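First comes the structure, then the notes that go with it.
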Amino acid sequence: MGRIGRRPPRRPDRADAPVRTSTATVTGCVTWYAATDLPKLAEDRPKGAYDPKDRDSFEALLLGGAPAERAEAARDASPVTHVGPKAPPFLLLHGVADTLIPARQSVRLAQALRAAGHHPDLRLLAGGDHLWVSLCEQDVEDCYVRTVDFARRCTRDAEEAP
């Protein structure tokens, strides 16, 4: 998951030193084929394709143990858990043929954002597997263009905000 933000203002006496009293602001978020709801990952994948008790899975490495054994950590590591009224704009790109992280994960995040009053831009790409495998060159290029345009829009809007 990539975050787009505005850096803190610079000190006038040192252009390379950030002002210490301010923090960066996240002004947008882009996800490409991201796991967004770890507790629901097993139900989103085909039966038998994922074992939440597997202590060697990528998710287990992130959580410090199997997701089934670290349920609270799995919830805390899931973006859907943290959606709220102050969420930034989101661009969600996911291939519908993703065999590693099902597109349902992006749909879950989009639903949570909509339930909180936001309008995420969810793009499900027909035939796209994880890492955009099986997408035609034009569709892959479109993912990059959409991402850069979204980032520019979010940072431009942040610069214009008071």
Side-chain angles (χ1 to χ4, degrees), residues 1-6 24-84 86-158:
M1 205 174 285
R3 293 173 287 165
I4 302 162
R6 185 172 59 178
T25 302
V26 176
T27 59
C29 184
V30 176
T31 70
W32 283 13
Y33 39 77
T36 64
D37 192 347
L38 294 176
K40 301 284 187 178
L41 192 55
E43 88 181 50
D44 290 345
R45 295 194 69 194
K47 188 174 175 90
Y50 173 74
D51 180 5
K53 295 177 184 172
D54 181 0
R55 293 181 179 174
D56 295 320
S57 69
F58 291 120
E59 295 78 20
L61 294 172
L62 171 70
L63 302 172
E69 298 167 359
R70 307 263 307 143
E72 187 175 343
R75 274 189 305 279
D76 288 345
S78 298
V80 296
T81 304
H82 304 283
V83 169
K86 293 184 180 181
F90 271 75
L91 172 61
L92 306 145
L93 302 170
H94 213 124
V96 297
D98 194 326
T99 56
L100 186 60
I101 304 294
R104 179 81 178 111
Q105 289 280 303
S106 286
V107 171
R108 288 183 185 282
L109 181 55
Q111 289 171 332
L113 288 160
R114 287 185 191 110
H118 302 287
H119 305 283
D121 185 356
L122 172 64
R123 303 289 173 149
L124 299 176
L125 294 106
D129 198 347
H130 206 71
L131 303 175
W132 304 138
V133 172
S134 301
L135 280 184
C136 70
E137 190 173 315
Q138 181 180 352
D139 286 345
V140 173
E141 183 177 336
D142 185 62
C143 290
Y144 280 94
V145 169
R146 284 182 189 281
T147 299
V148 170
D149 288 348
F150 180 84
R152 284 185 178 140
R153 194 169 51 252
C154 288
T155 54
R156 181 187 63 235
D157 291 350

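Treat the numbers as computed from the prediction; the structure is a model and nothing was measured.
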* To do: Start with the C-alpha distance between Leu122 and Arg114, add both sets of side-chain angles, then the distance that settles side-chain contact (heavy atoms from CB on, under 4.5 Å), and finish with yes or no.
  => CA-CA 11 Å; Leu122 172 64; Arg114 287 185 191 110; 4.2 Å; yes

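Nearest approach of Pro67 to Ser57, heavy atoms of both residues: CD-OG, 4.2 Å. When every heavy atom of Ala66 is checked against every heavy atom of Pro52, the shortest pair comes out as CB-O, 3.5 Å. Residues Pro79 and Ala35 approach most closely at CD-O, 4.0 Å, considering heavy atoms. Across all non-hydrogen atoms, the minimal contact from Val83 to Ala112 is CG1-O, 3.5 Å.
Every residue two or more places apart in sequence or in another chain that forms a salt bridge (charged side-chain N to carboxylate O under 4.0 Å, His left out) with Arg146 is listed here: Asp142. Arg123 pairs by the salt bridge (charged side-chain N to carboxylate O under 4.0 Å, His left out) definition with Asp121, not counting sequence neighbours. Partners of Val133 by side chain to side chain contact (heavy atoms under 4.5 Å, CB included), not counting sequence neighbours, listed by chain and number: Asp129, Leu131. Taking the side chain to side chain contact (heavy atoms under 4.5 Å, CB included) definition, one finds that Ala74 meets it with Leu38, Pro39, Leu63, sequence neighbours left out. Judged as a side chain to side chain contact (heavy atoms under 4.5 Å, CB included), and not counting sequence neighbours, the contacts of Glu141 are Val145.
Between Leu109 and Pro120, every side-chain heavy-atom pair lies at or beyond the 4.5 Å cut-off. Between Pro88 and Cys154 there is no side-chain heavy-atom pair separated by less than 4.5 Å.
Screening residues 42-54 for side-chain hydrogen bond (donor to acceptor under 3.5 Å, both in side chains), with sequence neighbours left out, gives Glu43-Arg108, Asp44-Gln105, Asp44-Arg108. Among residues at least two apart or in separate chains, side-chain hydrogen bond (donor to acceptor under 3.5 Å, both in side chains) pairs with a member in residues 61-84 are Arg55-Glu69. Judged as a ring-ring contact (aromatic ring centres under 6.0 Å, His included), the pairs with a partner in residues 113-135 (not counting sequence neighbours) are, in order, Trp32-Trp132, Tyr33-His130, Tyr33-Trp132.
For the pair His94 (side chain) and Val107 (backbone), a donor-acceptor distance under 3.5 Å is absent.
Put simply, OG1 on Thr147 and CG on Leu93 are 5.0 Å apart, with the number rounded to the nearest 0.5 Å. Between atom CG of residue Leu113 and atom OG1 of residue Thr36 there is a gap of 9.0 Å, rounded to the nearest 0.5 Å. Interatomic distance, Cys29 SG to Leu92 CG, rounded to the nearest 0.5 Å: 7.5 Å.
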